Amino acid sequence: MSAAAGGGGGGAAYVPPAKKDVTPEDPAQQVVHRIRITLTSRNVANIEKVCADLKKGALEKKLHVRGPVRLPTKHLVITTRKAPSGEGTNTWDRFEMRIHKRLIDLHAPSEVVKEITSISIEPGVEVDVTINDR
């Protein structure tokens with residue numbers, strides 16, 4: 001059987017062509033993503049400071065920014081008896097935890113978003129970044 005007919009001849013092994021670098025050098029050619037940043041916190045002052053810093057950084061880069069959108073606050077309430085034994089007057093404690101949520105929408109390349117979100121984030125603020133390209 002010949003090497004051309006699929007035999008295991010002594011020819012060189014197949015080497016696929018090298019892939020080209022797909023990241024464009026020009027920022028104008030980068031793919032623009034729709035990015036949603038979700039911030040949650042129990043402290044209003046901290047979440048508002050992080051929102052202001054993110055928005056300021058995005059506007060300095062001349063990005064299309066929408067937000068912060070203030071979503072309704074979640075109230076987590078626990079009602080419990082004050083007396084541990086269950087005897088005596090029926091007195092109750094109500095404990096409440098409020099969770100505040102903000103949304104910020106950006107239209108930007110993912111590399112720029114990494115630069116923007118690298119700011120120092122206040123303690124107690126959770127940041128969730130999602131990319132939606134629909």
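In this text, all values refer to a predicted model and were calculated from it rather than measured experimentally.
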Problem - Qualifying residue, where the test is side-chain contact (heavy atoms from CB on, under 4.5 Å) with His107 and the options are Val65, Val32, Ile35 - result: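 Filter result, single survivor: Val32.
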Exercise for the section: Look up atom CG in Leu54 and atom NZ in Lys49, then write down how far apart they are to the nearest 0.5 Å. Expected result: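 Between atom CG of Leu54 and atom NZ of Lys49 there are 10.0 Å.
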Problem - Separation between NZ of Lys101 and OG1 of Thr73, rounded to the nearest 0.5 Å - result: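 Answer for the NZ-OG1 pair, Lys101 versus Thr73, is 11.5 Å.
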Practice task
Can you see which heavy atom on Lys55 is nearest to which on Pro68, and at what distance?
Solution key: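 Residues Lys55 and Pro68, closest heavy atoms: CD-CD, 4.1 Å.
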Exercise for the section: Taking all heavy atoms of Val113 and all of Ala108, pick out the closest pair and write down the distance. Expected result: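 The pair with the smallest heavy-atom distance is CG2-CB, 4.0 Å.
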Practice task
Verify, without hydrogens or angle tests, whether Ser41 (side chain) and Asn43 (backbone) share a donor-acceptor contact under 3.5 angstrom.
Solution key: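 Yes, Ser41 side chain to Asn43 backbone: donor-acceptor pair under 3.5 Å.
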Is any side-chain heavy atom of [X] less than 4.5 Å from a side-chain heavy atom of [Y]?
{"X": "Leu103", "Y": "Arg36", "value": "yes"}
{"X": "Leu106", "Y": "Val112", "value": "no"}
{"X": "Trp92", "Y": "Arg81", "value": "yes"}

Handout entry: Thr130/Asn132 under side chain to side chain contact (heavy atoms under 4.5 Å, CB included): CA gap, chis, key distance, verdict
Key = CA-CA 6 Å; Thr130 56; Asn132 187 7; 5.8 Å; no
Check for me, please, whether [X] and [Y] land in the same ILVMFWY cluster - side-chain distances under 4.5 Å, paths through other members count.
{"X": "Leu63", "Y": "Val50", "answer": "yes"}
{"X": "Ile47", "Y": "Leu71", "answer": "no"}
{"X": "Ile37", "Y": "Ile131", "answer": "yes"}

Handout entry: Under the side-chain hydrogen bond (donor to acceptor under 3.5 Å, both in side chains) test, residues paired with Lys61 that sit two or more places apart
Key =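 For Lys61, the residues satisfying side-chain hydrogen bond (donor to acceptor under 3.5 Å, both in side chains) (neighbours in sequence not counted) are Glu115.
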Practice task
Quick one: do Arg102 and Arg70 satisfy side chain to side chain contact (heavy atoms under 4.5 Å, CB included)? Show the steps, please.
Solution key: CA-CA 5 Å; Arg102 305 287 186 265; Arg70 290 161 181 87; 3.2 Å; yes
Problem - Glu96 atom CD, neighbour heavy-atom count above 12 within 6.0 Å - result: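 Yes, because the 6.0 Å sphere around CD of Glu96 holds more than 12 heavy atoms from other groups.
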Handout entry: Enclosure of Leu76 CG (heavy-atom neighbours >12, cutoff 6.0 Å)
Key =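 Count over threshold, so yes.
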All N/O donor-acceptor pairs, side-chain side in residues 119-129, below 3.5 Å, sequence neighbours left out:
none

